[in-house]
Amino acid sequence: MPSTPSLNDLRQQQQLAFLAQKTELRIGHAHACPLPPEHLAELDEHASEVTAVLESGLTARVFQLKLAGADYALKKARPNCLVQNLDGQTSFLNELQRRAEIDALRQRHGGFSGIVPTLYGSLAQGIILSPWLSGGTLQDWDERKLIQLFASGAELCRHGLFEWDFCPGNLIDDGRQLWLFDFGYMYRFDPLTQFNSAGQGNDVPEHHLAERIETRAYFAWLLEQEQTRGQDAALAAFRLEKEIAIEAYRKLRLELAADGANSDVLDWLDGLGQQWRQALRGDGEALYWQEGWRSHRLDLDDDIRGQTCTPRTLARCDWMLNALQGNFDALRSSGALAHEAIRPERGALLDHYRRLRSQAEDFQIA
């Protein structure tokens, strides 16, 4: 019997068909733009309205515009996304679709205070206009930022939007609010019957909000804390994040139960919270090894599949190699190696991740 296509396969098929038809997708209103949209689409870095250009985005370049005393962020789609897979090809369309859904949810329910609003967007013109967010991309973490990001992520999950890429480059902190402003890898799922948008939605339970935050952002920062402040400081910061995750999941569980979620979803959330609470009754070190290994492993996989590796990718792979060499027993006893595709032996794992590190060196992006 043919296998059932995954949620990801179905989404990609639908989005590629949409792109092939060259159908326009427009969100927001042209009258919200400080210039006619066709003029915005023609702007480049040399235009007098442009005060800054951010080149770090893999799907789009971002221009800071100053017009009539106000600042705007203009995303212009790159001719070719730097992420070398189908999700990269569809990421700009996906962002427009998710922004349209978030704006509709905001109009019906309010909320989404940590999600940047959209003024205008056009697939045909390859532009998205939003207010300029003061501050900068995320460099450091503290309790406020973690609470706000978990609140935003849980709100998205409750409404069936699963964000896969909480990398620091997609987050801006203005000193009061942590903002998520990129939705190229946010996909739909049914939060009442599914865990996420992977597989069939209910068969890949290891992916969830805390895992995505840890994988794409937090454990890279914890690695820096290990190197600059020591293991105890990193472990304390990890404990803080887990305590915030426990509370966020408790609230999300209550909301989903009220919304009619099935027992599989509720039991899954209960199990995660129970696992974390039990681990934190001790020193939390075993959980740190388990979640750290998973986070670095999945991030390495994400970057290699997208051919979007950076020096940070190499640093995270080096953490894994160092852990195998110096802390193999702690890794193994924590259960961190349970999901490895190869036999969980030190030599075999060292050879495997050395090969992956070599690939990550080949896939470095400018």
Side-chain angles (χ1 to χ4, degrees), residues 137-143 145-150 152-153 162-171 173 178 180 185 196 198 205-246 248-249 272 275-276 279-280 283-306 308-328 330-332 334-340 349 353 356-357 360:
T137 54
L138 190 69
Q139 303 296 323
D140 202 5
W141 288 96
D142 59 27
E143 184 175 15
K145 295 168 190 173
L146 285 166
I147 289 173
Q148 290 177 342
L149 186 57
F150 270 97
S152 293
F162 191 85
E163 173 58 53
W164 285 88
D165 194 8
F166 288 102
C167 75
N170 292 341
L171 304 169
D173 184 59
L178 184 65
L180 179 63
Y185 302 94
N196 51 52
E206 57 264 35
H207 295 303
H208 49 91
L209 174 61
E211 177 272 316
R212 285 289 89 197
I213 291 173
E214 291 167 1
T215 294
R216 294 304 283 166
Y218 200 64
F219 259 98
W221 180 77
L222 288 177
L223 186 153
E224 295 173 0
Q225 300 309 296
E226 290 180 29
Q227 295 171 338
T228 58
R229 300 176 58 208
Q231 185 71 23
D232 288 346
L235 194 58
F238 172 70
R239 176 179 288 273
L240 171 66
E241 181 260 340
K242 276 301 187 209
E243 290 171 346
I244 291 168
I246 289 169
Y249 276 43
L272 289 169
Q275 175 194 354
W276 297 337
L280 295 185
D283 61 13
E285 188 170 4
L287 185 63
Y288 186 92
W289 284 116
Q290 184 179 355
E291 307 283 57
W293 180 269
R294 178 216 61 204
S295 295
H296 295 310
R297 175 176 58 84
L298 290 177
D299 189 72
L300 177 64
D301 180 66
D302 284 344
D303 286 354
I304 288 177
R305 284 189 297 106
T308 54
C309 299
T310 67
R312 176 170 283 187
T313 313
L314 299 180
R316 299 185 73 165
C317 191
D318 288 341
W319 183 96
M320 300 178 74
L321 292 170
N322 291 336
L324 286 171
Q325 291 171 322
N327 297 96
F328 182 75
L331 280 175
R332 184 168 53 186
S334 73
L337 306 179
H339 296 287
E340 290 299 320
L349 289 168
Y353 283 102
L356 291 183
R357 193 189 192 285

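Not measured: the values here are computed from a predicted model.
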Calculate, to the nearest 0.5 Å, the distance between atoms CD1 and CG belonging to Ile213 and Leu146 respectively.
7.5 Å
Rounded to the nearest 0.5 Å, how far does CG of Asn322 lie from OH of Tyr353?
14.5 Å
Among Trp293, Phe166, Phe238, Trp289, whose ring-ring contact (aromatic ring centres under 6.0 Å, His included) with Phe219 holds?
Phe238
Heavy-atom closest pair (Trp164 atom, Arg212 atom, distance to 0.1 Å) is O-NH1, 2.9 Å
Determine, step by step, whether Arg297 and Leu300 satisfy the side-chain contact (heavy atoms from CB on, under 4.5 Å) criterion, reporting the C-alpha distance in whole Å, the side-chain angles of both residues, the deciding distance to 0.1 Å, and the verdict.
CA-CA 5 Å; Arg297 175 176 58 84; Leu300 177 64; 5.9 Å; no
Look up atom CD in Gln231 and atom CG in Leu222, then write down how far apart they are to the nearest 0.5 Å.
9.0 Å
Roughly how far, to the nearest 0.5 Å, is CG of Leu223 from CG of Asp318?
9.0 Å
Where the side chain of Ser334 meets the backbone of Leu331, is there a donor-acceptor pair that is under 3.5 Å apart?
yes
Within the 4.5 Å heavy-atom criterion, are Trp319 and Gln227 side-chain neighbours or not?
no
If you measure from the Lys or Arg side-chain nitrogens to the Asp or Glu carboxylate oxygens, is any gap between Arg312 and Glu224 under 4.0 Å?
yes
Is there a side-chain contact between Leu349 and Phe328, using heavy atoms and a 4.5 Å cut-off?
yes
Take Glu241 and Phe150 through the side-chain contact (heavy atoms from CB on, under 4.5 Å) test and state the conclusion after the steps.
CA-CA 10 Å; Glu241 181 260 340; Phe150 270 97; 3.5 Å; yes
Can you see which heavy atom on Thr137 is nearest to which on Pro168, and at what distance?
CB-O, 3.7 Å
Between Lys242 and Glu214, does at least one N-O distance fall below 4.0 Å, as a salt bridge requires?
yes
Non-hydrogen atoms of Asp140 and Lys145 that approach each other most closely
O-NZ, 3.1 Å
Distance, nearest 0.5 Å, that separates CD of Glu226 from CG of Asp232:
11.0 Å
